[in-house]
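Numbers restart at 1 for each chain; the letters A, B, ... are given by sequence-line order, proteins then strands. What you see below is based on every heavy atom in this structure, not just the backbone, and it leaves out hydrogens, waters and symmetry mates.
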Number of protein chains: 2
Amino acid sequence: MAGSAAYAGSVHLADELRARGVRVTQPRQLVWDVLSDHGGHLSAAEVAQRVQARDRGVNQSSVYRALALFAELDLVRESRTGNDSATTWELSHPDGVIHLVCDVCGTVLHHRTNRVEQLRSDLAANATFTATAIDVHVTGRCPTCAG
Amino acid sequence: MAGSAAYAGSVHLADELRARGVRVTQPRQLVWDVLSDHGGHLSAAEVAQRVQARDRGVNQSSVYRALALFAELDLVRESRTGNDSATTWELSHPDGVIHLVCDVCGTVLHHRTNRVEQLRSDLAANATFTATAIDVHVTGRCPTCAG
DNA sequence: CTACTTGCAAATTGTTTGCAGACCT
DNA sequence: AGGTCTGCAAACAATTTGCAAGTAG
């Protein structure tokens with residue numbers, strides 16, 4: 001649960017898992033590959049679909065279990081991005097990267113800001129709350145859809 | 001969908017609804033009362049339970065429908081706060097109020113910060129994205145649960 | 001009046017679980 | 001070998017929907 005994992009974008013899954021005494025398996029590897037290759041947000045169903053495109057025999061539950069495991073290890077992050085019901089998943093970000101979700105086309109842009117770190121220090125100074133994770137979620141219009 | 005509603009805390013529901021040509025009904029009024037009286041986050045199920053404590057005959061679906069309606073009118077906000085599966089609801093906040101969710105006891109604190117407005121101007125300046133709503137979600141430990 | 005809302009019960013959807021067999025290490 | 005994972009199918013929980021009857025304006 002600690003934020004100690006290396007930036008997930010550069011992680012070699014097998015090493016990371018073995019280092020933590022967790023087994024490396026085909027379903028887990030495929031879930032990881034799909035998320036890295038895609039680079040953005042995917043729902044569990046989308047991940048499953050893409051995984052199954054590569055190996056027909058992998059079951060949905062294994063995808064869910066792999067995602068939950070990776071989240072536990074801080075390798076991926078669950079984010080309730082959509083107006084939709086399904087939650088989405090992507091590789092963990094370094095701190096300070098936030099999500100800009102377009103209301104119109106639905107794409108999710110990433111944006112680096114130091115406001116997150118500033119907020120973190122504000123809170124630390126106040127001693128009102130010990131922040132672990134800070135999640136910023138902006139909705140609006142992307143450059144393409146603004147008009 | 002615009003952020004034009006008055007601060008929900010001071011809204012008189014009947015007026016607000018009538019002004020928009022939406023009918024004022026018992027279920028809607030009760031859902032509103034429950035949320036105002038409670039002042040914080042409630043799941044749909046909790047709202048339903050409290051509504052039914054006041055009027056036995058109100059159905060869950062009406063609660064869901066009222067919440068969806070109010071969200072549409074920007075009077076309440078849906079927030080996927082919990083580690084739990086259910087989404088929670090509360091009256092809309094003025095901009096710049098963020099949520100601090102304690103990992104341990106689950107309570108949700110509210111915190112006023114100007115970092116949100118700063119971020120908003122940053123984005124406006126960049127012209128990378130036209131922000132409508134900015135949602136900040138902090139997890140960590142509240143004063144009581146910090147060790 | 002009459003279109004908008006509700007209550008009800010059944011249908012969906014997303015996610016989780018129990019278990020016997022398969023597979024990393 | 002031995003405990004960790006997986007596939008499968010069934011269980012669950014939250015939310016949504018269709019429709020006849022009720023009610024606000």
So does [X] get a side-chain nitrogen or oxygen closer than 4.0 Å to the phosphate oxygens (OP1/OP2) of [N]?
| X | N | answer |
| --- | --- | --- |
| B:Thr87 | D:dA14 | no |
| B:Tyr64 | D:dT15 | yes |
| A:Ser43 | C:dG14 | no |
| A:Ser61 | D:dG7 | no |

How long is the span from the CZ atom in B:Arg77 to the NE2 atom in B:His41, to the nearest 0.5 Å?
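Spacing of CZ (B:Arg77) from NE2 (B:His41) equals 9.5 Å.
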Output the rounded distance in Å from [atom1] ([X]) to [atom2] ([N]).
| X | N | atom1 | atom2 | value |
| --- | --- | --- | --- | --- |
| B:Leu42 | D:dA14 | CG | P | 15 Å |
| A:Leu69 | D:dC5 | CG | P | 8 Å |
| B:Asp55 | C:dT6 | CG | P | 12 Å |
| B:Leu17 | D:dA24 | CG | C1' | 12 Å |
| B:Asn59 | D:dT17 | CG | P | 15 Å |
| B:Gln60 | C:dA11 | CD | P | 18 Å |
| B:Gln49 | D:dA14 | CD | P | 12 Å |
| B:Leu30 | C:dG7 | CG | C1' | 15 Å |

Before accepting this row, confirm whether a basic side-chain N of the pair B:Arg20/B:Glu16 lies closer than 4.0 Å to the acidic partner's carboxylate O.
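Looking at B:Arg20 and B:Glu16, the cut-off is met.
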Charged N to carboxylate O under 4.0 angstrom, A:Asp95 versus A:Arg120?
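Salt bridge present between A:Asp95 and A:Arg120.
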Please identify which of these residues, A:Leu42, A:Asp37, A:Val63, meets the side chain to side chain contact (heavy atoms under 4.5 Å, CB included) condition with A:Arg50.
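The option that passes is A:Leu42.
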Donor/acceptor link under 3.5 angstrom from A:Arg23 side chain onto base of D:dT4:
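Present.
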Looking only at side-chain atoms of [X], point me to the closest of [options].
| X | options | result |
| --- | --- | --- |
| A:Thr25 | D:dA14, C:dG7, D:dC5 | D:dC5 |
| A:Arg18 | C:dT25, C:dT15, D:dC5 | C:dT25 |
| A:Ala44 | D:dT17, C:dT15, D:dG7 | C:dT15 |
| B:Val24 | C:dT16, D:dG25, D:dA14 | D:dG25 |

Using a 4.0 Å heavy-atom cut-off across all strands, classify B:Arg28 as base, sugar-phosphate, or nothing.
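If one applies the 4.0 Å heavy-atom cut-off, B:Arg28 turns out to touch the sugar-phosphate alone, with no base involved.
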Do the ring centers of A:His137 and B:His137 come within less than 6.0 Å of each other?
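Not close enough - the centres of the two rings lie 6.0 Å or further apart.
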B:Arg65 or B:Trp89: which one's nearest nucleotide on DNA chain D is closer to the 5' end?
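It is B:Trp89, whose closest nucleotide lies nearer the 5' terminus.
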Which residue, B:Val22 or B:Ala68, contacts DNA chain D at a nucleotide closer to its 5' end, judged by nearest heavy atom?
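Looking at the nearest nucleotide for each, B:Ala68 comes out on the 5' side.
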